[in-house]
Amino acid sequence: AQKVTQAQTEISVVEKEDVTLDCVYETRDTTYYLFWYKQPPSGELVFLIRRNSFDEQNEISGRYSWNFQKSTSSFNFTITASQVVDSAVYFCALSESKKINNNDMRFGAGTRLTVKP
Amino acid sequence: DSGVTQTPKHLITATGQRVTLRCSPRSGDLSVYWYQQSLDQGLQFLIQYYNGEERAKGNILERFSAQQFPDLHSELNLSSLELGDSALYFCASSVEGDRIYEQYFGPGTRLTVT
């Protein structure tokens, strides 16, 4: 069964600090996809990144970067020079590629990030 | 704006009642997913439809049902409502193909059962 663990329930940082949100996953599949979503106080879920299990290259997008390590089953998310607008709940999710056209995505419990000015 | 629309935004109803939540996917997306977000259960996958057919089921109660219509919009029906059904219900859509793609979420419907 697929499972996603986000051990950090809440994190509070001061603006301009770097922060890393941890995500550990469990799956028996060799092919799977990992995602990060952001849920700001307004409530919508915003897609941030998708990564498949065959691509371990780290990705950087502006102040955001992701570190995918299959050896430790982790897909961590780092925000560099955090800003108040980064305050949100961040979710990591996993989808196993057992069937085409079937994307049963399982979410972690989320990490609430508060960035203080 | 994700391109996924959901109506209504808020819904307040009484226990025992039945409600229908509506979702229109992004243009071109054939798959629609429904999720429930509550404080105690987190974000849970309920059900997926692909081009009108049920494709996957998650933790969906028997009192809940969904369907996807020929125009690809979807409805989630919740009946015999209980206080514990109060939650934020999200609809999401995605393209499909030979790999798994990201899902784009609507703004959600906040259901309050009193």
Side-chain angles (χ1 to χ4, degrees), chain A residues 1-10 23 25 27 29-55 59 61 66 75 77 88-112, chain B residues 1-6 9-10 23 25-26 29-60 68 72 87-111:
Chain A
Q2 58 194 90
K3 184 180 174 183
V4 177
T5 302
Q6 294 181 255
Q8 304 151 308
T9 306
E10 294 192 32
C23 173
Y25 62 92
T27 177
D29 275 18
T30 54
T31 303
Y32 52 89
Y33 291 78
L34 295 161
F35 305 82
W36 276 95
Y37 283 85
K38 173 182 179 179
Q39 187 174 37
S42 52
E44 74 273 24
L45 280 159
V46 179
F47 166 74
L48 295 178
I49 190 171
R50 172 183 62 124
R51 180 50 51 90
N52 75 57
S53 52
F54 296 107
D55 183 4
E59 178 146 347
S61 176
W66 290 269
F75 187 40
F77 173 30
V89 180
Y90 290 87
F91 292 94
C92 180
L94 166 69
S95 184
E96 295 169 335
S97 182
K98 287 179 186 167
K99 301 178 195 175
I100 299 302
N101 300 329
N102 176 352
N103 181 0
D104 183 2
M105 193 158 61
R106 305 289 171 156
F107 284 82
T111 297
R112 180 177 299 278
Chain B
D1 186 352
S2 67
V4 179
T5 60
Q6 287 186 250
K9 285 189 177 178
H10 302 277
C23 166
R26 292 188 316 161
D29 287 355
L30 297 180
S31 271
V32 169
Y33 310 81
W34 285 97
Y35 292 84
Q36 179 194 59
Q37 185 177 31
S38 60
L39 285 175
D40 54 345
Q41 297 288 330
L43 197 56
Q44 289 208 87
F45 167 72
L46 295 179
I47 197 164
Q48 176 201 0
Y49 276 81
Y50 172 73
N51 203 18
E53 293 186 3
E54 182 185 301
R55 193 54 69 103
K57 246 181 180 177
N59 300 318
I60 188 166
Q68 186 179 27
L72 300 177
L88 191 51
Y89 290 85
F90 285 105
C91 166
S93 74
S94 74
V95 298
E96 301 296 345
D98 59 349
R99 62 194 66 188
I100 296 215
Y101 293 91
E102 58 274 14
Q103 297 175 24
Y104 288 90
F105 284 76
T109 293
R110 184 168 294 282
L111 173 66

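Protein chains get the first letters and strands the later ones, always in sequence-line order, with residue 1 at the start of each.
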Q: Where do B:Tyr101 and A:Arg50 land on the side chain to side chain contact (heavy atoms under 4.5 Å, CB included) test, with the steps shown first?
A: CA-CA 8 Å; B:Tyr101 293 91; A:Arg50 172 183 62 124; 3.8 Å; yes
Q: Looking at B:Glu53, I'd like to know if its CD atom is crowded, meaning that more than 12 non-hydrogen atoms belonging to other residues, nucleotides or ligands lie closer than 6.0 Å.
A: no
Q: Just how far is it from atom CE of A:Met105 to atom CD of B:Gln48, taken to the nearest 0.5 Å?
A: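 Reported value, rounded in 0.5 Å steps: 10.5 Å.
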Q: Taking CZ in B:Arg110 as the centre, count heavy atoms belonging to other residues, nucleotides or ligands within less than 6.0 Å. Is the count above 12?
A: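 It does not: B:Arg110 CZ has 12 such atoms or fewer within range.
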Q: Indicate yes or no for a side-chain donor-acceptor contact from A:Tyr37 to the backbone of B:Tyr104 under 3.5 Å, with no hydrogens or angles considered.
A: no
Q: Taking the six-membered ring for Trp and the single ring otherwise, decide whether the centroids of A:Phe107 and B:Phe45 are under 6.0 Å apart.
A: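 Aromatic pair excluded; centres sit 6.0 Å or further apart.
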Q: Enter the distance from A:Gln39:CD to B:Leu88:CG here, rounded to the nearest 0.5 Å.
A: 7.0 Å
Q: Below 4.5 Å from any heavy atom of chain A, which atoms of B:Leu30 appear? Answer side chain, backbone, both or neither.
A: neither
Q: Say you draw a straight line from CD of B:Gln37 to CG of A:Leu45; how long is it, rounded to the nearest 0.5 Å?
A: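 With rounding to 0.5 Å, CD (B:Gln37) is 6.0 Å from CG (A:Leu45).
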Q: B:Gln44 versus chain A, heavy atoms under 4.5 Å apart: side chain, backbone, both or neither?
A: neither
Q: To the nearest 0.5 Å, what is the distance between CZ (A:Phe35) and CD (B:Glu102)?
A: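 Reported to 0.5 Å precision, the distance equals 7.0 Å.
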